[in-house]
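One structure is given here, and the rest of the page talks about it.
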Amino acid sequence: MIDGFDDTDQHAGESPMTAFVVDIDGYEGPLDILLSLARDQKVDLTQISVLQLADQYLAFVAEARRLDLELAAEYLVMAAWLAYLKSRLLLPEPPGAEEPSGEAMAAALTFQLERLEAMREAGQHLMARNQLGQDFFARGQPERFGGNTLTVLQVDLSELLRAYGAHLQRRQGAQPLRIEPHDLHSVEDALKRLRKNLGHAPSWESLWRYLPPGTFEGLREGRLSARSALAATFAASLELAKGGGVRLRQNKPFGPIYLRAPQAGNSENEEGGP
Amino acid sequence: MNDVDPQHLRLLEAILFSSAEAMTEQKLAERLPEGADLPVLLLELRNRYSDHGVHLVRAGKTWGFRTASDLAALLRVDRRIERKLSRAAVETLSIIAYHQPVTRAEVEEIRGVQLSKGTLDVLLDQGWIRPKGRRQTPGRPVTWATTEAFLDHFGLESLSDLPGIDELKAAGLLDARPAIQIYGARSGAEERAAAAADSEGLGDGDTEEIVEELADEDGR
Amino acid sequence: MNDVDPQHLRLLEAILFSSAEAMTEQKLAERLPEGADLPVLLLELRNRYSDHGVHLVRAGKTWGFRTASDLAALLRVDRRIERKLSRAAVETLSIIAYHQPVTRAEVEEIRGVQLSKGTLDVLLDQGWIRPKGRRQTPGRPVTWATTEAFLDHFGLESLSDLPGIDELKAAGLLDARPAIQIYGARSGAEERAAAAADSEGLGDGDTEEIVEELADEDGR
C-alpha cells in the first residue's frame with residue numbers, strides 16, 4: 001500500500017473516487033483516506049483546501065454507499081464530522097461560541113494530516129537506513145575468555161512479559177468456571193432416542209437416520225450443535241452395542257455405519273447386511 | 001589525548017572487539033582497571049578507527065565495533081529477503097521514536113486508527129521498544145520509548161540523530177496531543193509552532209497545565 | 001607495501017571482522033574485488049594490527065582477528081556462559097516482579113504449582129531477586145523482591161514501567177482465550193462457537209466431506 005501513497009501520479013487522470021472505492025481495503029481508516037485525498041489535491045499539505053477535502057470525502061462515502069460497500073462506523077463518523085465542519089466553515093461563526101471555531105477545526109485537521117504524513121515519511125527514512133545485520137555488521141565471531149565464569153541468564157523483557165501473560169491466562173482459566181447452558185446434544189439424549197427408535201427399525205439402517213431432525217442442514221452449515229448430535233449419536237450407538245442393545249456394521253474404514261436392533265431376524269441373517 | 005594509557009586502550013579495544021553486542025559504558029568501566037579514563041579512551045579509540053573498515057560506534061550509552069556503513073554494498077553478500085515490518089509497525093515505530101515517551105492512545109491518535117494486536121509486540125520482540133514510566137494522567141497509562149538496541153540497529157548515535165527530527169520539531173509536528181486540543185484554543189498556524197515548542201521538553205503534567213492554560217485563555 | 005589499495009584493505013578488515021566463520025584465503029579472495037592482491041593485503045593488515053589489542057592471526061589456511069594473547073590475563077573475567085532460563089523460572093520471576101514483596105508460598109499459590117528447589121536460587125544467583133523482610137504471619141516467611149540489577153537487565157527504569165494487565169492484553173502479549181470460552185454455547189453464540197471450533201479442530205473441508213458422504217448414502 002505504501003507504494004500507492006508514494007506514487008501520487010497513480011490516480012491522476014481517473015476520478016479519485018473510483019480509485020478509492022476500488023482500493024478501500026488498502027486504507028487504514030478515514031484519516032488514511034483523507035491524507036490520500038489531500039495529497040491528490042496539493043503536495044504541500046498546509047495549502048490544501050479543507051472545504052474541498054470535506055467535499056471529496058463526503059463524495060467518497062456517498063459513492064461507497066451507492067455501491068453498497070460496507071463502511072465501518074468510523075468512516076461514517078468522520079463523514080458526519082466533516083459535514084459539520086463544512087457547515088461551520090460556510091456559515092458565519094455564532095457569537096460567543098464556546099467550542100472551537102470552524103477555522104480552528106480545519107487547522108486541527110490539516111495538522112493531523114501533516115503529522116501523520118510526517119511520521120509516515122520518518123518511518124520510511126528510518127527503514128531506508130543501513131541496518132545492523134543487513135548493511136553493517138557486528139563481530140562475527142565473538143570471543144570468550146578463560147578464567148572466571150560468569151553465568152548470564154538469557155531472557156529478555158519480551159519473554160518476561162509473555163510469561164506473566166501466560167500465567168494470567170492460566171489463572172483466568174482456573175477461576176470458578178461458569179458454564180452457560182447450551183444446546184449441545186448429550187450422549188444420554190442420543191441413547192434415549194436410539195432406544196426409542198430402534199424398535200421400529202428391524203433392518204440395517206444408516207446411523208444417519210437416527211440423527212435428530214435438522215442435523216443434516218446443521219452439518220452443512222458447520223453448526224456446533226449438529227456436530228455434537230453426530231458425535232453423541234455415534235457414541236451412544238457404541239455404548240448400546242457394548243451392552244448388546246444394538247448391532248453395528250461398517251463395511252470399510254470410514255465407510256457408512258449401519259445399525260439395527262439385535263432381536264430383529266435371526267442371528268445368522270445378520271451377515272447379509274445392507 | 002596524548003596521555004591515553006596505551007595498555008588501557010588496547011584492553012578496551014580487545015573487550016569491545018570480542019563482543020557482538022554493543023556494551024554499556026557501565027559494563028566497560030567495570031572491566032577496565034581502576035583509574036582508566038573511559039570517556040577519553042572511547043573517544044581516542046573511535047578516532048583511531050575512523051578511517052578503518054570497522055568503526056567504533058555509539059548507540060545511546062552503549063558502544064560497539066561495527067563495519068563501516070560505506071562498505072554496505074560490498075558486504076551485503078547474502079541478500080536474504082529481509083523480514084518486512086508491516087506498514088502499521090513501521091509507522092508505530094517511527095511515532096514511538098519521534099514522540100517518545102508516548103502512550104498507546106497517543107500512537108492511535110496520531111495514526112487515526114486503533115493499534116491492532118501484534119503491532120507493539122513485534123517491536124518489543126525486536127528489542128526496539130520498551131515501556132518507560134507512566135503518564136501522570138487518569139489511568140496512568142504506560143508510555144513507550146525506544147531502546148539502545150534500536151539506535152544500534154539503525155546506526156544512530158542518539159535520538160537527536162533521527163532523520164529530520166529537528167525540522168519536525170521546529171514545524172511543531174512532534175506533538176502527540178489530539179489535534180483539536182492543540183487548535184481548539186488558538187487558531188492561526190503561526191502560533192502552532194510556538195505552542196508545540198512550549199510543550200516539548202516538558203513533563204506530561206506540564207502539558208496538561210498548558211492545555212488548561214490555553215483553555216482559560218480561550219474562556220476569557 | 002605502499003601500493004596497497006586502502007579501500008581493499010578496509011573491505012578485507014570488515015570481512016574478517018564480521019564473518020561468522022574462519023575465512024580461508026580462497027573465500028577471502030572471492031569476496032574481494034577483482035585484482036585485489038590478497039597476500040599483500042593480509043600482510044599489511046596483520047602489520048597494522050601488530051601493536052593493537054586485537055591481532056590478525058593465521059591458523060592453518062584461515063585468517064581471523066583474535067584478542068592479543070598478552071591481554072588474556074586481563075580479560076579473564078569475560079568467560080560468559082549463557083543459559084536459557086526455564087519457563088518456570090521466567091514465570092516465577094515475572095510473578096515476583098508483579099507481586100513483590102511476595103513469599104515463596106505465595107508464589108506457589110499464585111502459580112498453582114510447587115516451586116522446584118533451584119528456581120529461586122537461580123534468580124538469586126543472577127542477582128535479580130533479593131530477600132526483602134519477613135511477612136508478619138506465622139512462621140514469619142521471607143518475602144522476595146526484585147533488584148536494581150533486574151531493572152537494569154530488562155531495561156526498565158522502575159517497577160511501575162511494567163505494563164498492567166490491560167496493557168499486556170492490548171500489546172498482544174496476552175492473547176489466546178482460555179479454551180473453555182470457545183464453547184460458550186447458547187444458540188446465539190453458536191455461530192461464533194462453530195467458527196472458533198473450526199479454526200481449532202475440524203476444518204470446514206472435513207465437515208463438508210462428512211456431509212457429502214451422508215448425502216450420498218442418503219441418496220441411494
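Every value quoted in this text rests on a predicted model; they were computed, and no experiment measured them. So you know, we letter chains A, B, ... as the sequences are listed, proteins then strands, and number each from 1.
With a 4.5 angstrom heavy-atom cutoff, B:Q114 does not touch chain A via any of its atoms. Heavy atoms of B:L16 lying under 4.5 Å from chain A are absent altogether. Both the backbone and the side chain of B:I110 come within contact range of chain A, judged by heavy atoms closer than 4.5 Å. Contact annotation for B:S69: both backbone and side-chain heavy atoms come within less than 4.5 Å of a heavy atom of chain A. With a threshold of 4.5 angstrom between heavy atoms, B:Y98 approaches chain A through side-chain atoms but not through N, CA, C or O.
The residue among A:D135, A:L157, A:D156 with the most heavy atom pairs within less than 4.5 Å of chain B is A:D135. Of the residues considered (B:R66, B:R130, B:H55), B:R66 shows the highest number of contacts with chain A, using heavy-atom pairs under 4.5 Å.
Judged purely by atom type and a 3.5 angstrom limit, A:R120 has no side-chain atom pairing as donor or acceptor with the backbone of B:E91. The backbone N or O of B:D175 lies less than 3.5 Å from a partner atom in the side chain of A:R115, making a donor-acceptor pair. In this structure, the side chain of B:T67 engages the main chain of A:F137 through a donor-acceptor pair within 3.5 Å. In terms of modelled atom types and a separation under 3.5 Å, the side chain of B:S94 and the main chain of A:M119 share a donor-acceptor contact. A donor-acceptor contact shorter than 3.5 Å is absent between the side chain of A:R139 and the backbone of B:S19.
Summarising the geometry, atom CD belonging to A:Q131 is positioned 12.0 Å from atom CG belonging to B:D152; distances are rounded to the nearest 0.5 Å. Note that CD1 of B:I180 is 5.5 Å distant from CH2 of A:W81, once rounded to the nearest 0.5 Å. For the atom pair CZ of B:R111 and CG of A:L116, the computed distance is 7.5 Å after rounding to the nearest 0.5 Å. Here CG of B:L120 is found 11.5 Å from OG of A:S158. Values are rounded to the nearest 0.5 Å. With rounding to the nearest 0.5 angstrom, the NE2 atom of B:H153 is 7.0 Å from the CZ atom of A:F136. With rounding to the nearest 0.5 Å, the separation of NE2 in A:H125 from CD1 in B:I165 is 13.5 Å.
Closest of all the heavy-atom pairs between A:A118 and B:L168 is CB-CD2, 3.5 Å. Residue B:A20 comes nearest to A:A138 through the heavy atom pair O-CB, 3.2 Å, listed as atom of the first residue, atom of the second, then distance.
Taking the charged nitrogens against the carboxylate oxygens, A:D32 and B:R87 do have a contact shorter than 4.0 Å, which makes a salt bridge.
For the side chain to side chain contact (heavy atoms under 4.5 Å, CB included) test with B:F154, the passing option among A:L126, A:N130, A:L132 is A:L126; the others fail.
B:L173 has its side chain within reach of A:E114: a pair of non-hydrogen atoms, C-beta onward, lies under 4.5 Å apart.
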